[in-house]
Amino acid sequence: MNWCSSFYFGLIVAFVTLVVVQCTELTFELEDNARQCFYEDLKKDIKGTLEFQVISGGNYDVDVILYDESGKTLYTVQKKQYDSYSFTAQSEGVYKFCFSNEFSTFSHKVVYFDFQAGDETPLTKEMGAHHTALTQMETACVTIHEDLKIATDYQTHHRLRESQGRDMAEYLNERIQWWSIGEACLILSVGICQVVILRQFFAEKRSTI
């Protein structure tokens, strides 16, 4: 590969990394009896996708509502652990999606969401029209780009599952520790009571004249 091919290959890789997709990814803590909203400015005919998952807290459920620019409800779900919803913006404006934990009195939640807006523009045009070395490199770059996207999604989901499993394991470990401490205190109390009762059985009673 000469310097010219290397230069074009570098341009292709740089072009692959520039994608016209707005992605908002966030993990936040939602207090009990709380409601938190987020806003996204969308153009007309832009596709949006909202995906969320409750990582920890309570019964791992949350209420979610998605509003359009006029305040109309596009999507609503109650006490859901995870879900995904896709839509197309009918008009330009600010879209709002809210997470609610108002039904919970004691437990707070940790929620993850991913909001994607827009479609990726084609990385190349009329690919395959000319079977050249450069076209083959373009095709390879597009394939690598798609595979990296899939790998990123898998890593995100596995990271969320690992976090949720770790939180549940820590909760069970805490319960077991407190249960063990309670059993130890109970056994100690029973042992002391048995010693006191046995000492009363063998204690010498002084006779009174």
Side-chain angles (χ1 to χ4, degrees), residues 15-123 141-171:
F15 185 66
V16 166
T17 57
L18 297 178
V19 184
V20 192
V21 175
Q22 298 177 358
C23 180
T24 303
E25 187 176 358
L26 182 65
T27 301
F28 67 99
E29 185 173 347
L30 186 61
E31 299 289 341
D32 53 290
N33 292 320
R35 175 186 175 95
Q36 193 163 349
C37 298
F38 301 88
Y39 302 86
E40 190 72 27
D41 190 6
L42 297 180
K43 303 294 183 180
K44 186 179 179 181
D45 297 330
I46 293 297
K47 182 180 178 181
T49 301
L50 173 63
E51 182 179 0
F52 70 91
Q53 180 175 347
V54 181
I55 300 176
S56 65
N59 294 325
Y60 300 91
D61 53 359
V62 70
D63 295 344
V64 182
I65 305 177
L66 174 64
Y67 302 94
D68 62 5
E69 81 291 343
S70 62
K72 180 182 177 181
T73 301
L74 296 179
Y75 166 77
T76 178
V77 67
Q78 294 181 349
K79 295 184 178 181
K80 194 79 171 182
Q81 179 180 357
Y82 60 89
D83 200 7
S84 178
Y85 176 74
S86 299
F87 65 98
T88 301
Q90 300 299 323
S91 58
E92 181 179 353
V94 177
Y95 287 70
K96 179 175 71 171
F97 51 99
C98 300
F99 299 89
S100 175
N101 194 29
E102 296 173 330
F103 60 86
S104 179
T105 307
F106 302 102
S107 61
H108 65 276
K109 312 290 175 61
V110 176
V111 183
Y112 162 86
F113 76 86
D114 180 14
F115 189 89
Q116 296 183 1
D119 293 323
E120 294 187 3
T121 56
L123 300 179
C141 289
V142 173
T143 303
I144 293 173
H145 175 66
E146 296 296 332
D147 292 340
L148 288 176
K149 284 176 54 184
I150 296 174
T152 301
D153 292 337
Y154 276 121
Q155 288 178 350
T156 300
H157 287 291
H158 283 300
R159 186 171 65 251
L160 292 175
R161 290 183 180 179
E162 187 272 337
S163 179
Q164 182 177 357
R166 184 176 65 251
D167 180 76
M168 185 174 295
E170 291 177 353
Y171 172 75

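The basis for the numbers below is simple: all heavy atoms, side chains too, and nothing from hydrogens, waters or symmetry mates. In this chain, residues are counted from 1 in sequence order.
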Considering non-hydrogen atoms only, spot the tightest contact between Ser86 and Lys47 and give its length.
CB-CE, 4.1 Å

Report the residues that fulfil ring pair (Phe, Tyr, Trp, His ring centres under 6.0 Å) with Tyr82, sequence neighbours left out, ordered by chain and then residue number.
none

To the nearest 0.5 Å, how far apart are CZ in Phe52 and CD in Gln81?
9.5 Å

Do Ile46 and Glu92 come close enough that some side-chain heavy atom pair is under 4.5 Å?
no

Side chain to side chain donor-acceptor pair (under 3.5 Å) involving Glu102 - partner list, sequence neighbours excluded:
Ser100

Minimal heavy-atom distance between Gly93 and Glu69, with the atoms involved, is CA-CB, 3.7 Å

As an exercise, state the distance from CG of Asn59 to CZ of Phe103, rounded to the nearest 0.5 Å.
8.0 Å

Interatomic distance, Arg35 atom CZ to Ile65 atom CD1 [nearest 0.5 angstrom]:
5.0 Å

Between Tyr85 and Phe97, ring centroids under 6.0 Å:
no

How long is the gap from CG on Leu66 to CG on Leu50, to the nearest 0.5 Å?
6.5 Å

Within this structure, what is the CZ-CD distance for the pair Phe99 and Gln36, rounded to the nearest 0.5 Å?
9.0 Å

Give me the atom names and distance for the closest heavy-atom approach of Val54 to Lys80.
CG2-O, 3.9 Å

Quick one: salt bridge (Lys or Arg N to Asp or Glu O under 4.0 Å) partners of Arg166, sequence neighbours excluded?
Glu162

Here the gap from Tyr95 atom OH to Ser70 atom OG, rounded to the nearest 0.5 Å, amounts to 8.0 Å

Do Asn101 side-chain atoms and Glu31 backbone N/O form a donor-acceptor pair below 3.5 Å?
yes

Check: residues 71-78 side-chain donor-acceptor pairs under 3.5 Å, at least two apart:
from, atom 1, to, atom 2, distance (Å)
Tyr75, OH, Asp83, OD2, 2.6

Partners passing side chain to side chain donor-acceptor pair (under 3.5 Å) against Lys44 (at least two apart in sequence or in another chain):
none

Could you go step by step and tell me if Gln53 and Val111 meet the side-chain contact (heavy atoms from CB on, under 4.5 Å) rule?
CA-CA 6 Å; Gln53 180 175 347; Val111 183; over 6 Å; no

Looking at every non-hydrogen atom in both residues, tell me the closest pair between Gly58 and Ser107 and how far apart they are.
CA-OG, 3.6 Å

Closest non-hydrogen atoms of Leu30 and Val62, given as atom of the first, atom of the second and distance, are CD2-CG2, 3.7 Å

Salt bridge (Lys or Arg N to Asp or Glu O under 4.0 Å) with Asp68: which residues, sequence neighbours excluded?
none

Looking at every heavy atom in both Ala117 and Leu42, which two are closest together, and how far apart are they?
CB-CD2, 3.3 Å

